[in-house]
Amino acid sequence: LDSFNDPAYFTGAFPTLFPYGIGGHLGDIHGNRPQKVSLQEFAKYAMLHHSHLFSQHHNFMFYLYDLILIRQACLGNYLQVKKGYWATATADLATLTGDELHAAAAQFQSKTKISNPVIHTLINNMRIISSFNPESYGEKIRLRNLIFGKIGRLGIPLIWFTLNPHDIGNIFVVKLAGEDVTLDDTGARSRLLKLTLKNPSLVAQYFHTIIIAFFDCFFKCLSREAGIFGTISSYFGVVE
């Protein structure tokens with residue numbers, strides 16, 4: 001099955017989630033859908049569906065996440081190939097010897113600059129491709145370069161801190177799931193823990209809501225108003 005173009009890809013792989021054979025992001029079996037829906041929008045809809053069938057499925061979200069990563073990697077490859085990179089890379093790889101590759105590997109392990117210009121160019125192009133993939137080494141390099149650019153333009157950051165919202169076993173996450181739990185109930189803590197572990201997508205939604213509210217209410221980063229540290233000229237944040 002073609003994960004890019006086959007409308008029966010999801011419905012065939014998860015018959016318990018799509019019992020009528022329809023409901024994928026590409027429409028029915030013939031690919032008919034009144035409005036085009038991207039895979040990312042379909043994932044957002046499925047993870048936030050009120051029935052929690054998709055978010056509580058034991059492997060659907062991981063399967064969906066892998067497909068999104070594959071498509072983002074394909075986008076990076078497509079952009080590089082379109083530039084004519086692949087023809088040049090093929091010729092460069094044919095000229096390399098085993099000794100040159102071993103020497104470059106030793107330099108890479110010792111964290112020194114790779115002296116071979118051909119290998120150095122190939123690695124840079126690989127990092128460009130991987131920069132499209134979340135949580136990849138290429139993305140870390142891209143974010144690091146963005147931070148260096150902000151420091152070069154605005155100066156050293158005045159404040160550096162880590163936010164770690166208490167999400168596992170949090171009653172607000174359970175409220176998002178539509179569960180009625182009070183802290184006075186017998187075994188409430190244990191039930192809260194089970195419900196949050198059962199709804200990982202709601203934990204992510206809670207985390208996103210808390211972080212946005214923190215920057216919006218305390219720092220006023222989303223407006224020009226003065227926050228608890230005055231007017232913020234710029235900020236940078238990443239999720240670990």
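Using a distance-only test at 3.5 Å, with no hydrogens or angles considered, no donor-acceptor pair links the side chain of Gln205 to the main chain of Leu48.
Residues forming a side-chain contact (heavy atoms from CB on, under 4.5 Å) with Leu158 (at least two apart in sequence, or on another chain): none. Considering only residues two or more places apart in sequence or on other chains, Thr231 meets the side-chain contact (heavy atoms from CB on, under 4.5 Å) condition with Ala226. The ring-ring contact (aromatic ring centres under 6.0 Å, His included) check on Phe62 picks up nothing, with sequence neighbours excluded. Listed by chain and number, the residues in a ring-ring contact (aromatic ring centres under 6.0 Å, His included) with Phe14 are His57, Phe60, Tyr63 (sequence neighbours excluded). Taking His120 as the reference, nothing meets the ring-ring contact (aromatic ring centres under 6.0 Å, His included) condition, with sequence neighbours excluded.
The CD1 atom of Ile159 lies 7.5 Å from the CD1 atom of Ile228; values are rounded to the nearest 0.5 Å. Rounding to the nearest 0.5 Å places CG of Leu64 at 9.0 Å from CD of Gln40. Going from atom CD of Glu225 over to atom CG of Asp216 covers 8.5 Å, rounded to the nearest 0.5 Å. From Met47, atom CE reaches atom CE of Met61 across 5.0 Å, with rounding to the nearest 0.5 Å. Atom-to-atom distance recorded for Phe207:CZ and Asn164:CG is 8.0 Å, nearest 0.5 angstrom. Separating the NZ atom in Lys150 from the OG atom in Ser234 is a distance of 2.5 Å, to the nearest 0.5 Å.
The shortest distance between side-chain heavy atoms of Phe10 and Leu39 falls below 4.5 Å. A 4.5 Å side-chain heavy-atom check between Thr209 and Phe214 finds every atom pair outside the cut-off. With a 4.5 Å cut-off on side-chain heavy atoms, Phe215 and Ile232 do not count as touching. Residues Gln107 and Ser115 meet the side-chain proximity criterion, which asks for heavy atoms closer than 4.5 Å.
In Phe218, the CZ atom is not crowded: 12 or fewer heavy atoms of neighbouring residues, nucleotides or ligands sit closer than 6.0 Å. At most 12 non-hydrogen atoms from other residues, nucleotides or ligands lie less than 6.0 angstrom from CZ of Phe108. The local environment of NE2 in His49 is crowded, with over 12 non-hydrogen atoms from other residues, nucleotides or ligands closer than 6.0 Å.
Hydrophobic cluster membership is shared by Leu17 and Val37, with clusters built from Ile, Leu, Val, Met, Phe, Trp and Tyr side chains linked at under 4.5 angstrom. Leu146 and Ile141 are not part of a single hydrophobic cluster, where members link through side-chain heavy atoms under 4.5 Å apart. Under the 4.5 Å side-chain heavy-atom criterion for ILVMFWY residues, no single connected hydrophobic cluster contains both Leu163 and Ile147. Note on Leu93: it clusters hydrophobically with Ile119, by side-chain heavy-atom contacts below 4.5 Å among ILVMFWY residues.
When all heavy atoms are compared, the tightest approach of Cys217 to Lys220 is O-CE, 3.6 Å.
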Validation: residues 96-104 side-chain donor-acceptor distances under 3.5 Å, sequence neighbours left out:
from, atom 1, to, atom 2, distance (Å)
Thr97, OG1, Glu100, N, 3.4
Glu100, OE1, Thr97, N, 3.0

May I have the step-by-step check of ring-ring contact (aromatic ring centres under 6.0 Å, His included) for Tyr9 and Phe18, ending in yes or no? CA-CA 11 Å; Tyr9 194 77; Phe18 306 97; over 10 Å; no
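Taking the six-membered ring for Trp and thresholds of 30 and 60 degrees, Phe54 and Tyr45 have ring planes inclined between 30 and 60 degrees apart.
Ring centroids of Phe161 and Phe219 are separated by less than 6.0 Å, placing the two rings close together.
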